[in-house]
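Read the structure below first, then the notes.
Below, chains carry the letters A, B, ... as their sequence lines are ordered, and counting in each starts from 1.
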Amino acid sequence: MKIKYDLLKNDGKARYGMLHTNYGSYETPMFMPVGTLANVKTLTPEELKEMNSAVILSNTYHLWLRPGEDVVAHAGGLHKFMNWNGPILTDSGGFQVFSLAKNKKKDIVEEGVHFKSHLDGKDLFLTPELSIQIQNKLDSDIAMSFDECIPYPATYEYAKASTERTLRWAKRGKDVFNNENQSLFGIVQGGKYEDLRKFSAEETVKMDFDGYSIGGTSVGEDKDTMYKMIDYAIKYLPEDKPRYLMGVGEPLDLLEGVERGIDMFDCVLPTRIARHGNAFTRCGKINIKNAKYKEDFTPIEDNCDCYTCKNYTKAYVRHLIVSNESLGGRLLSIHNIRFLIKLMEEIRLAIKEDRFVSYKKDFIEKYTIKKTN
RNA sequence: GCGUGAUUGGUGAAGUGGUUAACACGGCGGAUUGUGGUUCCGUUAUGCAAGGGUUCGAUCCCCUUAUCGCGCC
């Protein structure tokens with residue numbers, strides 16, 4: 001069965017809805033933790049469930065290299081392989097075009113993309129067809145079209161050519177797509193250019209995907225540019241399909257995205273910064289390694305309902321991080337993911353109660369005054 | 001007691017008679033947005049055991065003292 005999206009409520013452009021999948025129905029807007037290598041780094045499925053995590057991400061490029069999509073298929077698909085009985089979205093490898101293809105001009109050709117394996121340096125060639133076929137085998141719930149995540153800044157000429165190619169790739173991927181139980185999302189590119197975003201959105205929608213994502217954001221552009229990229233594209237996306245903003249996960253950006261009509265977000269931020277000792281709090285991000293927490297025997301946040309805050313102190317978590325103990329990154333990952341998921345829970349409630357704008361204002365006010373603390 | 005070798009920041013240490021005394025670790029702070037990366041970036045000794053001398057100039061040369069090591073009575 002394909003996924004299905006019900007738009008249940010609007011509050012301005014913000015949307016409250018329900019995403020129906022083969023692994024349950026979940027409210028949107030939602031935040032999706034990233035588990036590139038078939039695991040959300042350091043966390044078990046049980047822990048993710050406890051945090052009320054719905055969809056998790058995995059990555060086509062990475063699983064292709066290791067362990068290989070056939071291994072996953074022989075295991076009975078990604079869900080069984082990783083013991084996750086919730087929905088899974090697989091990224092296509094498009095972001096790796098951005099991060100790993102060193103020489104864009106030479107490595108990105110019409111047929112596909114040349115990579116050097118980050119594992120052994122071996123030459124690899126990934127095409128839209130191959131990406132989709134791998135994802136079909138991985139048997140995720142949502143597959144992504146193979147695109148190029150355009151770097152920032154990019155010239156108009158580059159962005160135009162890349163955007164057009166991404167459209168051709170989307171078509172090619174869709175043509176070979178073959179998995180009844182899987183859905184396929186199209187990706188809007190276009191860089192920072194309004195007409196290209198419009199063009200990309202309209203053309204992608206014409207191909208009729210199960211959902212649409214806005215890509216090419218959070219690649220180094222300033223916030224205003226990012227928000228404009230969303231504005232330029234989102235008005236051309238259909239109301240009855242989910243909209244997914246790729247790679248965005250800073251609390252303030254989630255709010256800005258929701259306000260513009262985004263339903264799904266993913267980001268490595270909560271887990272990555274956790275491993276480096278940072279925690280989201282209502283009063284802004286904190287660095288647990290700071291000396292001032294050495295003897296702070298209070299939780300990261302007093303009113304947080306996460307496992308970490310209910311059981312551990314800043315001083316202890318700090319000690320673990322400073323000592324390079326993996327439990328430190330685990331505890332902070334639990335807190336950070338729960339923080340973002342809780343944020344989305346509150347956002348959904350606010351939308352349902354027609355008070356999203358005031359909720360957003362209150363949150364931002366608190367989040368950005370940390371300096372006085 | 002005599003002889004001898006050392007003494008550089010929180011630590012391990014490089015180094016030179018002449019502008020700002022390597023590097024590493026540690027400390028302190030920052031970054032991180034579809035995750036190659038226990039990652040990246042700042043910053044951290046106005047001072048080279050103490051005092052005196054030689055010199056235009058000494059952490060580097062000489063003397064004295066202190067501390068530590070080694071050898072011999």
Side-chain angles (χ1 to χ4, degrees), chain A residues 31-42 55-66 88-102 115-122 124 131 135 140 142-150 152 166 185 187-189 213-223 225-227 229-230 244-254 256-257 262 264-280 284-294 318 320-330 332-333 336 340:
Chain A
F31 175 78
M32 308 182 286
V34 177
T36 302
L37 281 156
N39 81 112
V40 177
K41 291 192 191 302
T42 76
V55 181
I56 62 172
L57 258 72
S58 209
N59 187 288
T60 302
Y61 166 82
H62 292 276
L63 296 179
W64 176 45
L65 293 200
R66 197 164 56 187
I88 299 172
L89 183 153
T90 40
D91 187 27
S92 61
F95 186 74
Q96 281 62 44
V97 177
F98 163 77
S99 64
L100 294 179
K102 52 185 196 317
F115 292 100
K116 289 271 188 207
S117 163
H118 71 279
L119 298 176
D120 57 12
K122 189 168 62 184
L124 301 169
S131 171
Q135 294 184 76
S140 54
I142 300 171
M144 299 302 301
S145 289
F146 186 66
D147 66 332
E148 180 195 358
C149 179
I150 301 175
Y152 184 89
T166 285
F185 278 29
I187 303 176
V188 178
Q189 289 292 342
S213 64
I214 295 174
T217 61
S218 57
V219 288
E221 77 281 13
D222 56 87
K223 299 231 180 237
T225 301
M226 184 204 288
Y227 303 149
M229 286 175 177
I230 302 169
Y244 161 32
L245 181 59
M246 306 186 80
V248 169
E250 276 188 10
L252 300 183
D253 293 339
L254 298 182
E256 295 295 335
I262 299 292
M264 304 159 73
F265 302 86
D266 81 284
C267 196
V268 304
L269 211 52
T271 43
R272 177 183 289 164
I273 67 173
R275 280 174 276 121
H276 297 160
N278 293 84
F280 292 126
K285 202 180 68 179
I286 66 167
N287 186 343
I288 201 78
K289 287 187 287 190
N290 285 176
K292 61 183 171 185
Y293 300 122
K294 194 167 188 172
R318 175 181 190 277
L320 294 177
I321 291 289
V322 166
S323 307
N324 222 346
E325 286 290 335
S326 58
L327 180 59
R330 245 169 73 65
L332 284 177
S333 290
N336 284 343
L340 294 183

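- Using a 4.0 Å heavy-atom cutoff across all strands shown, A:Glu221 reaches no nucleic acid atom at all.
- Under the side-chain hydrogen bond (donor to acceptor under 3.5 Å, both in side chains) criterion, A:Asp91 pairs with no residue, sequence neighbours left out.
- When the C1' atom is compared between B:A58 and B:A21, the two are found 13 Å apart, to the nearest whole Å.
- Listed pair A:Arg318 / B:C28 meets the phosphate criterion, a side-chain N or O lying under 4.0 Å from OP1 or OP2.
- If you check residues 94-102 of chain A against RNA chain B, the residues with a heavy atom closer than 4.0 Å are A:Phe95, A:Gln96, A:Ser99, A:Leu100, listed by number.
- Take the nearest nucleotide of RNA chain B for A:Met144 and for A:Asn290: the residue whose nucleotide is more 5' is A:Asn290.
- For A:Lys294, there are no salt bridge (Lys or Arg N to Asp or Glu O under 4.0 Å) partners two or more places apart in sequence or in a different chain.
- With B:G34, B:G27, B:C28 as the choices, the nucleotide that has an atom nearest any side-chain atom of A:Val322 turns out to be B:G27.
- Side-chain atoms of A:Asp147 come within donor-acceptor range of the base of B:G34, with a qualifying N/O pair under 3.5 Å.
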Item to check | Full working for side chain to side chain donor-acceptor pair (under 3.5 Å) between A:Thr166 and A:Gln189 | outcome: CA-CA 8 Å; A:Thr166 285; A:Gln189 289 292 342; 5.7 Å; no

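- Within 4.0 Å of A:Leu37, counting heavy atoms only, lies no atom of the nucleic acid at all.
- A:Lys223 and A:Glu256 are not joined by a salt bridge, as no carboxylate oxygen comes within less than 4.0 angstrom of a charged side-chain nitrogen.
- Of all nucleotides listed (B:G34, B:C28, B:U38), B:G34 comes nearest to the side chain of A:Val268.
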Under 3.5 Å, which protein N or O atoms sit close to an N or O of nucleotides 40-43 of chain B? Give each pair with its distance.
none

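- Across all strands shown, A:Asn324 has heavy atoms under 4.0 Å from base atoms, whether or not it also approaches the sugar-phosphate.
- Contact between the side-chain N/O atoms of A:Asn278 and the OP1/OP2 oxygens of B:G30 is not found at any separation under 4.0 Å.
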Checklist entry - Could you spell out the base pairing of RNA chain B in dot-bracket, with Watson-Crick or G-U pairs whose two distances are under 3.5 Å, [ ] crossing and | to another strand? => result ((((((((.[[[..)..(....]]]((((((.......))))))....[[[[[..)....]]]]]))))))).

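- With B:U35, B:G34, B:U32 as the choices, the nucleotide that has an atom nearest any side-chain atom of A:Thr36 turns out to be B:U35.
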Which donor-acceptor pairs under 3.5 Å do the side chains of residues 265-272 of chain A make with protein atoms, sequence neighbours left out?
| residue | atom | partner | partner atom | Å |
| --- | --- | --- | --- | --- |
| A:Asp266 | OD1 | A:Tyr244 | OH | 2.8 |
| A:Asp266 | OD1 | A:Gly247 | N | 2.8 |
| A:Thr271 | OG1 | A:Val268 | O | 3.0 |

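- Between A:Lys41 and the phosphate of B:G37, there is a side-chain N or O to OP1/OP2 separation shorter than 4.0 Å.
- Using a 5.5 Å limit on the distance between ring centres and a 30° limit on the angle between planes, the aromatic ring of A:His62 does not count as stacked on the six-membered base ring of B:U35.
- The same atom, C1', is picked in B:G10 and in B:A45; the two are 11 Å apart, to the nearest Å.
- Here the nucleotide nearest the side chain of A:Asn287, chosen from B:G34, B:U32, B:G30, is B:G30.
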